[in-house]
Amino acid sequence: MIITSRANKTAKLITSLSHKKYRDETGLFVVEGKRWVDDALAYAPASVRTVIASPSCAEEYPSAVVFSDELLSSVCETVTSQGVAAILEKPRPRAEIGELILFLDGIRDPGNLGTLIRTACAAGFNDIFLRGCTDAYSGKAVRSTMSALLKINLRDGGIDDLVRLKENGCTVVGADMSGKSLFELPAPRGKVCIVIGGEADGITDEAAGQCDVMSSIPMTGDIESLNAAVSGAIMMYETIRKRIFEK
């Protein structure tokens, strides 16, 4: 059966999940596109609540609810959903925290947030704390993560988390233009937490107060600052490089 009505309960649920209020209430979020859906089915099949496919993709996803092309297009946020979407349960983070940690302090742009999550996953920073950030499960943020949301431990964070990390021997490194050059600092051993601040104001005073060291990225060409996602990527990968090659 091909569903064509927006009054269908699954269609109404997808539409409601475009709002943070309903994502928070239900613990669900929507992913769009073949790559995202296939990754969800491969890495976290238990989290997949419902797959929705267009008639042309129905054979590839035999358990999917089939929407007409028009209906699927109307409930999806992207211009082209590639004919498939899914409703997922938000993953629950593991209790254990690894050695490489990212603390995001006030990231407001969903594209930046998604890119930071994706980059952290690629760099091995698998534990991410979010303090005062935009919703990681909004459509734009989800698309920017490219399924990394399923592979990392994402949790709401606060200053108390930085305090506990330090009490457990973690070195907290803040990214700030006033800090010492990242390329001159030795690689911290053991657990390390990199703190990246918001696009407009950087790290808050409360978070800065918990940083063991402030690190800056040298710039030339009279450039005022770098994008938050770019800064985070450089900080994470330089930390990894030093830990590997500067033993």
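Just so it is clear, the values below take in all heavy atoms, side chains as well, and ignore hydrogens, waters and symmetry mates. If you're wondering where the values come from, they're calculated on a predicted model, not measured in any experiment.
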Identify, with sequence neighbours excluded, every residue that meets ring pair (Phe, Tyr, Trp, His ring centres under 6.0 Å) alongside Phe125.
->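 Applying ring pair (Phe, Tyr, Trp, His ring centres under 6.0 Å) to Phe125 gives none.
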Could you tell me which residues satisfy ring pair (Phe, Tyr, Trp, His ring centres under 6.0 Å) with Tyr61, sequence neighbours excluded, listed by chain and number?
->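 Result, ring pair (Phe, Tyr, Trp, His ring centres under 6.0 Å) vs Tyr61: none returned.
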With sequence neighbours excluded, what pairs up with Glu199 under the salt bridge (charged side-chain N to carboxylate O under 4.0 Å, His left out) test?
->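 In terms of salt bridge (charged side-chain N to carboxylate O under 4.0 Å, His left out), with neighbours along the sequence ignored, Glu199 is linked to no residue.
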Sequence neighbours left out, what passes salt bridge (charged side-chain N to carboxylate O under 4.0 Å, His left out) with Arg118? Give chain and number order.
->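 Here no residue qualifies.
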For the residue pair [X] and [Y], establish whether any side-chain heavy-atom pair is separated by less than 4.5 Å.
X      : Y      : value
Leu72  : Cys76  : yes
Cys211 : Val173 : no
Ile97  : Phe129 : yes
Tyr137 : Val31  : no
Thr26  : Leu17  : yes
Cys193 : Leu162 : yes
Phe29  : Ile87  : no
Thr4   : Glu70  : no

Within 45° of the ring axis of Tyr43 and under 6.0 Å from its six-membered ring centre, is that where the NZ or CZ of Lys151 lies?
->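 Because its charged atom sits under 6.0 Å from the ring centre and within 45° of the axis, Lys151 does stack over Tyr43.
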hydrophobic_cluster_shared for [Y] and [X], side chain cutoff 4.5 Å:
X      : Y      : answer
Ile217 : Ile240 : yes
Val195 : Val192 : no
Leu226 : Met235 : yes
Phe103 : Tyr237 : no

Straight-line distance of [X] [atom1] to [Y] [atom2], nearest 0.5 Å:
X      : Y      : atom1 : atom2 : answer
Leu88  : Arg49  : CG    : CZ    : 10.0 Å
Thr115 : Asp109 : OG1   : CG    : 8.5 Å
Ile234 : Ile194 : CD1   : CD1   : 11.5 Å
Gln210 : Ile203 : CD    : CD1   : 12.0 Å
Asp39  : Leu149 : CG    : CG    : 11.5 Å
Lys90  : Ser47  : NZ    : OG    : 13.0 Å

Main-chain N/O of [Y] paired with [X] side-chain donor or acceptor, under 3.5 Å:
X      : Y      : value
Arg131 : Ala207 : no
Arg35  : Met146 : no
Thr119 : Leu116 : no
Arg243 : Gly190 : yes
Trp36  : Val142 : yes
Gln82  : Lys34  : yes
Ser73  : Asp69  : no

Return the minimal non-hydrogen interatomic distance between [X] and [Y], and the atom names on each side.
X      : Y      : result
Ala208 : Met214 : CB-CE, 3.4 Å
Ala120 : Ile128 : CB-CD1, 3.7 Å
Leu130 : Ala136 : CD1-CB, 4.1 Å
Gly197 : Ala228 : O-CB, 4.2 Å
Ala64  : Ala53  : CB-CB, 3.8 Å
Thr50  : Val65  : CG2-CG2, 3.7 Å

Test Val84 against Ile52 for side chain to side chain contact (heavy atoms under 4.5 Å, CB included), laying out the working first.
-> CA-CA 6 Å; Val84 64; Ile52 305 96; over 6 Å; no
Before giving the answer on side chain to side chain donor-acceptor pair (under 3.5 Å), spell out for Asn126 and Asn153 the whole-Å C-alpha distance, their side-chain angles and the decisive distance to 0.1 Å.
-> CA-CA 6 Å; Asn126 293 322; Asn153 298 312; over 6 Å; no
Atom CG of Asp156 with >12 non-hydrogen neighbours under 6.0 angstrom =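 It does not: Asp156 CG has 12 such atoms or fewer within range.
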Answer yes or no: are there more than 12 heavy-atom neighbours, outside Asp201 itself, under 6.0 Å from its atom CG?
->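 It does not: Asp201 CG has 12 such atoms or fewer within range.
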Should Glu238 and Arg241 count as an ion pair when the cut-off is N to O under 4.0 Å?
->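 A salt bridge links Glu238 with Arg241.
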Basic-acidic side-chain contact under 4.0 Å: Lys140, Glu77 =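 Not counted as a salt bridge, because no side-chain N and carboxylate O are separated by less than 4.0 Å.
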Evaluate the side chain to side chain contact (heavy atoms under 4.5 Å, CB included) criterion for residues Lys12 and Asn8: first the C-alpha distance (whole Å), next the side-chain angles of each, then the deciding distance (0.1 Å), finally the verdict.
-> CA-CA 6 Å; Lys12 291 170 69 176; Asn8 172 268; over 6 Å; no
Expected list for residues 174-188: side-chain donor-acceptor pairs under 3.5 angstrom, two or more places apart:
| unit_1 | atom_1 | unit_2 | atom_2 | d |
| --- | --- | --- | --- | --- |
| Asp176 | OD2 | Ser178 | N | 2.9 |
| Asp176 | OD2 | Ser178 | OG | 2.3 |
| Ser181 | OG | Phe183 | N | 3.2 |

Report the C-alpha distance between Glu25 and Lys20 in whole Å, list the side-chain angles of each, state the deciding distance to 0.1 Å, and finish with yes or no for salt bridge (Lys or Arg N to Asp or Glu O under 4.0 Å).
-> CA-CA 8 Å; Glu25 288 181 359; Lys20 184 178 186 300; over 6 Å; no
With Arg92, which residues qualify under side-chain hydrogen bond (donor to acceptor under 3.5 Å, both in side chains), at least two apart?
->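 Listed in chain order: nothing, the list is empty.
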Worked check of side chain to side chain contact (heavy atoms under 4.5 Å, CB included) between Val66 and Ile3 = CA-CA 6 Å; Val66 182; Ile3 298 168; over 6 Å; no
List the steps and the verdict of side chain to side chain donor-acceptor pair (under 3.5 Å) for Ser74 and Arg6.
-> CA-CA 8 Å; Ser74 71; Arg6 288 180 65 94; 3.0 Å; yes
Step-by-step side chain to side chain contact (heavy atoms under 4.5 Å, CB included) determination, Ile101 to Leu165 | CA-CA 10 Å; Ile101 303 151; Leu165 288 171; 3.7 Å; yes
Say whether Thr204 and Asp105, considering side chains only, have a donor N or O and an acceptor N or O under 3.5 Å apart.
->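 There is such a pair between these side chains.
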For the residue pair Thr78 and Arg143, confirm or rule out a side-chain donor-acceptor distance under 3.5 Å.
->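 Distance-only check fails for Thr78 and Arg143.
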Kindly determine whether Asp161 and Arg155 satisfy salt bridge (Lys or Arg N to Asp or Glu O under 4.0 Å), including the steps that lead there.
-> CA-CA 10 Å; Asp161 292 297; Arg155 43 175 66 82; over 6 Å; no
